[in-house]
Structures are given as structure tokens and as C-alpha cells.
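What follows is a short report on a single structure.
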Amino acid sequence: MKKVSQAIPKVDSQALVTGKAVYTDDIAPKDCLIVKILRSPHAHAMIKSIDTSRAMKVPGVVCILTYEDCPDQRFTMAGQTYPEPSPYDRLILDRRVRFVGDAAAIVAAETKEAAEKALRMIKVDYEVLTPLLDFRKAKDNEILVHPEDNWRSLCPVGADNKRNLCASGKEEDGDVDAVLAECDYVVEETYHTKANQQAMMETFRTYTYMDVYGRLNVVSSTQVTFHVRRILSNALGIPKSKIRVVKPRIGGGFGAKQSSVSEVYPALVTLKTGRPAKIIFTREESQTASSPRHEMEIKVRVGADKDGIIRAIDVYTLSNTGAFGEHGPTTVGLSGHKSIPLYGKTDAFRFVYDVVYTNVMSAGAYRGYGATQGIFAVESAVNELALEMHMDPVALREKNMVKEGQVMPAYYGETANSCALDRCMEHAKQLFGWDEKYPSRDMGNGKVRGVGVAMAMQGSGISNVDTASVAMKVNDDGFYSLMIGASDMGTGCDTILAQMAADCMECEMEDIIVSGVDTDSSPYDTGSYASSTTYVTGMAVIKTCEKLKEKIRMKGAEYLGHNVDEVEFDGKKVWCPEDGSEISLKDIGNQVMCRNEEALFASEAHFSPISPPPFMVGMAEVEVDKETGAVTPIDYVAVVDCGTVVNPSLARVQTEGGLVQGIGMALYEDVVYNEKGKNFSNSFMQYKIPTRMDTGDIRVEFESSYEPTGPFGAKSIGEIVINTPSPAIAAAVENAVGVRIRELPITAEKVYREMKKQS
């Protein structure tokens, strides 16, 4: 391997650092209508009437659309493979508004100022209804968030809108209650993770226009280009053949843009007016009307025998999907299926869940996708079990962690074909200095430093579901065009896929041109989510390259007058070992431009029946002020097994960024509502994301395994990296001052109150 495992700069790095116009708003036409949304001030209400007459008189206003102007067919904004597990529960605009910030009307004007003025002049008469805000009381509540008869669920996920259920389910193996009754030690606790915002740099934004063929063209910052085409077709009631979606550069997604949050509004305006239209979400809109992480309450029972063998794990997850069901049925599964399998010696497990509707902003995909919440709960319970047993939590995990070759419990019967979790733990322990720091150190100044540990796993794509495909062609002069359908959202997938292709084709990176995603020209790909790109799309790259190399050999053999089995291809030329004759790839590329019936083009698809998990160990050191309860991160060590590391620089950046987000979730970030359902976390003044000054030292290392089903032995890395900080930091706080915080974020106020209870 000459390119894979090398720290090669991103292929688009020069464009980014020199400020080229690459993002959606940079390239939108100057004559776009400006689209703004009138948003509901009520958490639950029926629109009795909307008066737009005064607003239409504002100079520059072109159109105002209400529910009367929209198709009456429900759809989901979730970017998932069809049939989507998420229910069809949305209209573009609905008479019933279901959260503060829900769309009530669409305004399109020549200028931003005119659109905003018109918003203020629309008069809406609401019938205010009682909102359902407590997700613990939502199931079978008399208040229904979705009472409509045309609500429908395409997949058997246990959904029932007349019970406020977006999904429900149960999976178990063995008799959990009986095994727990036999255990010498049992921990039974409830953990609560709040909603979190992805807070990506580039907010939601889309522009649309009609082309000369009468087709709707959609240019959008999205992770799921092909899914957006289907979503718009369902929402607008027009054929997919009449829609083209293009993804430019994305300024971050982290899962938020796996939902089609912004696309439908300018698309409807363009269809109604025939004019280009653009919507740019403000930061406030992105904070209050988007797709944050699902709030979850998770009850865990974990039991061990006197020798420290964890014999049973019981998990019940209650997930709050909010006003709509995007990703509700799928995120909840990961809370159990990506936490229970970490422990390979259990005799029994049980995983039960309910996903409920409430009248708050609808949740969606966020890095970690439910595993983050489940791992916080299960790993916290294991840390509490270690304390009860007076056992080092590292030693407890070393006794019980899943090992390579084991069938993973609660993980769809999959075997851990590649697993360096044991080496990750040993490496982290040495790098962190665990034995010297555990459990705590009194600093002598009223502050105590404590340490904590956690393990994590994720997946590599969605097994037996999602498909990736790529296409590659030889151009004149012998350079290649690599066309992919996966969205690079800053992760560098364009770069790592080009690295794989360069090694397969035995060429230089400069010989490969990577093109962005366009549903008219790109091969189909489900999109950039579920940690699928490196593993699933990477295998599609390898298969495509092998097919293209064979075509090059065949064409070279033809030009040399040989049979194909008599020649070799070394990346630069096709040559015959017997007589030394050769023809360069450049000459082949130029000759096929005339008198040719065989295009030097290949396209292959790939899906995987399994989803091999990456593994990770995180160790945190925090300093707690005994007088105020303030928690300060000091040191964080992470060791990751992502199989073969395709690009060490990009992998390190992914890990560091995910750890910062995980630290933010653990200590700072909180979506707060008042008693009427108004979201108070509507800016970065109220919603605290950590800066580099708030995270302490972060140190990252890798322990590579080799995944036999992955490209060059690689697995994923994008999501797992966010999962360990919350449980590790919670344990570190407890080891420092003896208080266990089971609700995130772990604020100074919560720590102080718990310390006072003990004093």
C-alpha cells in the first residue's frame, strides 16, 4: 500500500483554505427568492385561519403559502433506505402545529428584509391545545400528538399513533430475571440523557430552480442526496424523474443533515412560482426547528458473580422522538445493540424499548445515533458495579470484554472477526497512567482529581440494508474520474476513497479526479451516515477498480495483438512479459477516443450482510472543585480500533472532534424547555458548546485490527469516537468526590447539590 495508511491531505484542502466559493450559499444564483418560515409560537395548536392579505402588500413579496397550498399527503423527512422505518407523519404545512417553531406558513420575497417584514404581518388565529411535554407520560396519554387517520408506518416497528408510539420492541436471550437473582452483585439504576444539538458550522440551507427541461433542481447541504430526491417526490407529489439533487461542499453535518430539514420549502416555492428560491436557516432556527439527538431515559440492571463475571444485562430505553418520528424507530435500537455486546460472557440479556411522540422539536440523527445514550447508561452501570464490588473498573472490563472470535450478544448473531478492544484497554491504561491516578488524587487546594474509564463500539454501515456504488472511467491521457454518491461532509471521504482507488490502480492521487454528488450522474449511494462510507463505499471502490483494470488489460492486449491472459497492467502500462511489447495507459486513453466499441468505464455496487464494529477505550481525568462542584476536564486518552487506519491524519481529526462533542454532551450541552414548550437553548449564548479551552488535553492513539470483509482491512471511525466521554467523565466525578450524576449534562449545580446531601 502506497497511499492507504498515509497521512495524505484532503483533496479539497486548497479550495477550503483559500476561501473558494464551494458551499451552498456561495454558489446560489443572485436572483433567488428569499424563503422564510413563519413558525408557531405554540407547542400544540390548530390553525383556525391565516390572513396573509397585509403581508402580500409588502413590496417585494412574491408568494405566501399556507397549508391550503400544500399536498395533503404525509411523508417523512428521515433520510433512510426505502421503505423507511420512520413513519409518514408530516405534511409540508399542516393545520395542526406540534411544537414551538413548527412551520405555519412560507414566505418568498425578493429580499430578506421584505420576507421578514411580511412574516410580521401575517395574522394567524390559533386554537391553542394542551401540549404533551413530559415524555415519561406520553405513552397511552389522552393527548394525541398525531390523531390523524392518514398517519402510516411502512415497517413493522411497533408504531401506533393512537398510543403516541413511534416504535416499540423487545429482544431477549435467556432468563434475565433468573440469572440476576443468582448474581452476587446487582446494580439497578436509571440514566437520563438530554437532547443535544449537532451545532454544525454551516446551518441548513438549500436553493432550487427549474431547468430548461422543466425539472426541479435542488442544490443542498445534505448527507443523503439520493434520499432527498425520494423525500421531495413524496412530499410534493411529483415523480422522482422530475427532480435532480446536487450536493456541494458541506460545512458539517454530524447526522443533522440526514434529515431533509430545509429542502422542501424552497422546492415548493420554485414549483409554485417557477423562480429560483433559497432558504438559509438562521442559527436560532437550527437550534429550535431542526433534528437534535433523541432524549432518552434508560433503565439498566447488570449483575455479576463473586468472581467479577458479568452474567446478565437488562436494558429498557424510553426515547423521546418529539413532534415527528424521524429516525425514532432506528436510533433507539442502537442504545441496546451497541452497548450490551461489549460484554461477551453474559448468560442472558434483555432489551426493551418505547419511542414516544411529544410536543417538542422532533429529534433525528446525531453522531453515535442512539449508541451514545445506551453506552452512557450501560458503561455507567458497569462502573457503579465495579465500585460496589470494590474492584478496579479496568480489571472488571478486562475480565468481561468481548474478544476477537466471539459471537457478540445482542448484535444480530455476528462474530467479532476483528477486535482489538483488549489491546486498546492495555494501551490506554499505559498511556494514561491509570494505575498511578486511580481512583483519585487530592490536590491540596480544595480540588480533587478523579479518573474514569469506558468502552464503546459502533458499526460499519447498516447490515443487509444500505448499498453503495461508485463509477470510474479512463479519460484521454490516462487519468481517471472517480464518481461517488456518498456525501463528503468534512470527514474526508473523497480523499480516503481516492487513496483506495490510487492503490488499487497503482497510480498517483493526482491521477484521480473525484466528483461531487449529483443524482443525475453519480452512481446510487444511500449517503453518508451509519459510519458506512469507508467500509461499504470503500469496498465498492475496490470492486470497481478491479473491473476497470481488467478492461484496461483487455484493451491493451487488443492494441498489442495479444490475448488478455498474456499481458500485465502495472498502473502505467499494459505489457507482455514474453516479448517485452508495451503500450502506456496514456496511449490507451487516447486511442479509445476513436474506433472503439468498449468504453473504459466500470461501476460496481456493494452491501454487507454484516456490520463489523470498531471498538474504543476512553479514559478521563477531571478536576472537581469541592466548594463549587465545578468540573474541569484535565486529560482524555482515547485508543481506537478502526481496523486498518486508511488516513492517520483524518482518523485523528475525526477522533479528536468526536471526543470534544462527547465532552460537550457530558458537561455543557443541554436543550432546555419551559413549561409551555418554548426552547430556551436558541443560541450559542444559551446552548454551551465547548471550545478548545474547555476540553483539557486530548490524546489519541490507534490499535489496528484487520477486518477481513473491509477494504484493506478497514472499519469505520466516524461515530464511535463520541461515545466514551460521558460515562468516563461521570465515573471520574464519582471517584473524585463520591457523587454519581446520572443525568447529563454533569453541571456544577448538580454536583454541588449531591455533595451537600452527603455532608
Side-chain angles (χ1 to χ4, degrees), residues 183-189 191 300-313 339-346 375-403 406 419-443 448-457 615-624 631 633-641 666 699 701 703 723-742 746:
C183 289
D184 299 288
Y185 301 92
V186 176
V187 165
E188 181 175 353
E189 295 293 350
Y191 304 89
V300 180
R301 291 193 298 164
V302 57
D305 63 22
K306 58 181 172 43
D307 296 321
I309 302 301
I310 295 175
R311 296 190 56 204
I313 301 176
S339 56
I340 298 170
L342 285 165
Y343 296 93
K345 295 184 178 180
T346 54
I375 286 171
F376 168 66
V378 171
E379 285 298 279
S380 291
V382 170
N383 281 325
E384 294 197 59
L385 180 66
L387 279 176
E388 185 172 320
M389 298 176 69
H390 304 289
M391 188 174 184
D392 187 321
V394 168
L396 181 61
R397 286 174 170 84
E398 288 173 336
K399 274 179 174 281
N400 292 280
M401 67 174 63
V402 68
K403 301 286 181 65
Q406 283 186 310
C419 177
L421 187 54
D422 50 354
R423 287 188 279 120
C424 288
M425 182 66 77
E426 182 60 29
H427 191 159
K429 184 178 178 180
Q430 298 302 320
L431 184 62
F432 186 76
W434 177 266
D435 290 339
E436 294 76 35
K437 295 178 179 178
Y438 175 77
S440 62
R441 296 178 292 163
D442 194 320
M443 306 308 291
V448 181
R449 291 186 178 182
V451 297
V453 62
M455 305 188 304
M457 61 181 282
F615 295 95
M616 177 179 179
V617 169
M619 291 183 174
E621 181 177 25
V622 302
E623 185 173 83
V624 183
V631 179
I634 300 299
D635 188 21
Y636 203 96
V637 162
V639 182
V640 186
D641 162 24
R699 295 181 283 160
E701 296 291 343
E703 279 289 343
N723 292 337
T724 58
S726 292
I729 288 172
V733 170
E734 182 168 25
N735 285 329
V737 291
V739 300
R740 165 60 65 165
I741 307 300
R742 300 185 180 92
I746 303 168

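All values below come from the heavy atoms of this structure, side chains included, with hydrogens, waters and symmetry mates left out.
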Gap separating the [atom1] atom of [X] from the [atom2] atom of [Y], nearest 0.5 angstrom:
X: Thr346; Y: Ile310; atom1: OG1; atom2: CD1; value: 9.0 Å
X: Leu342; Y: Met616; atom1: CG; atom2: CE; value: 12.0 Å
X: Leu396; Y: Met391; atom1: CG; atom2: CE; value: 5.0 Å
X: Met401; Y: Cys419; atom1: CE; atom2: SG; value: 8.0 Å
X: Tyr636; Y: Thr724; atom1: OH; atom2: OG1; value: 2.5 Å

Salt bridge (Lys or Arg N to Asp or Glu O under 4.0 Å) against [X], all qualifying residues, sequence neighbours excluded:
X: Glu189; answer: Arg742
X: Asp307; answer: none
X: Lys437; answer: Glu621, Asp635

request  = Please confirm whether the backbone N or O of Gly344 pairs with a side-chain atom of Lys403, one donor and one acceptor, at under 3.5 Å?
outcome  = no
Who pairs with [X] by side-chain hydrogen bond (donor to acceptor under 3.5 Å, both in side chains), at least two apart in sequence or on another chain?
X: Asn383; result: Arg397
X: Asp422; result: none
X: Glu701; result: none
X: Ser339; result: none

Results of side-chain contact (heavy atoms from CB on, under 4.5 Å) for [X] - residues two or more places apart only:
X: Glu188; result: Arg301
X: Tyr438; result: Asp392, Pro393, Trp434, Val451, Asn735
X: Val737; result: Val624, Lys626, Val733, Val739, Val751, Met755
X: Glu734; result: Glu384, Leu387, Arg740

[X] vs [Y] side-chain heavy atoms within contact, under 4.5 Å:
X: Val617; Y: Met455; result: yes
X: Met619; Y: Val394; result: yes
X: Arg441; Y: Glu436; result: no
X: Val302; Y: Tyr343; result: no

Return the minimal non-hydrogen interatomic distance between [X] and [Y], and the atom names on each side.
X: Pro341; Y: Val402; value: O-CB, 3.6 Å
X: Val622; Y: Ala732; value: CG2-CB, 3.7 Å
X: Cys183; Y: Arg311; value: SG-CB, 4.0 Å
X: Ala304; Y: Met389; value: CB-SD, 4.1 Å
X: Met457; Y: Asn723; value: O-ND2, 3.7 Å
X: Ala728; Y: Gly618; value: CB-O, 4.1 Å

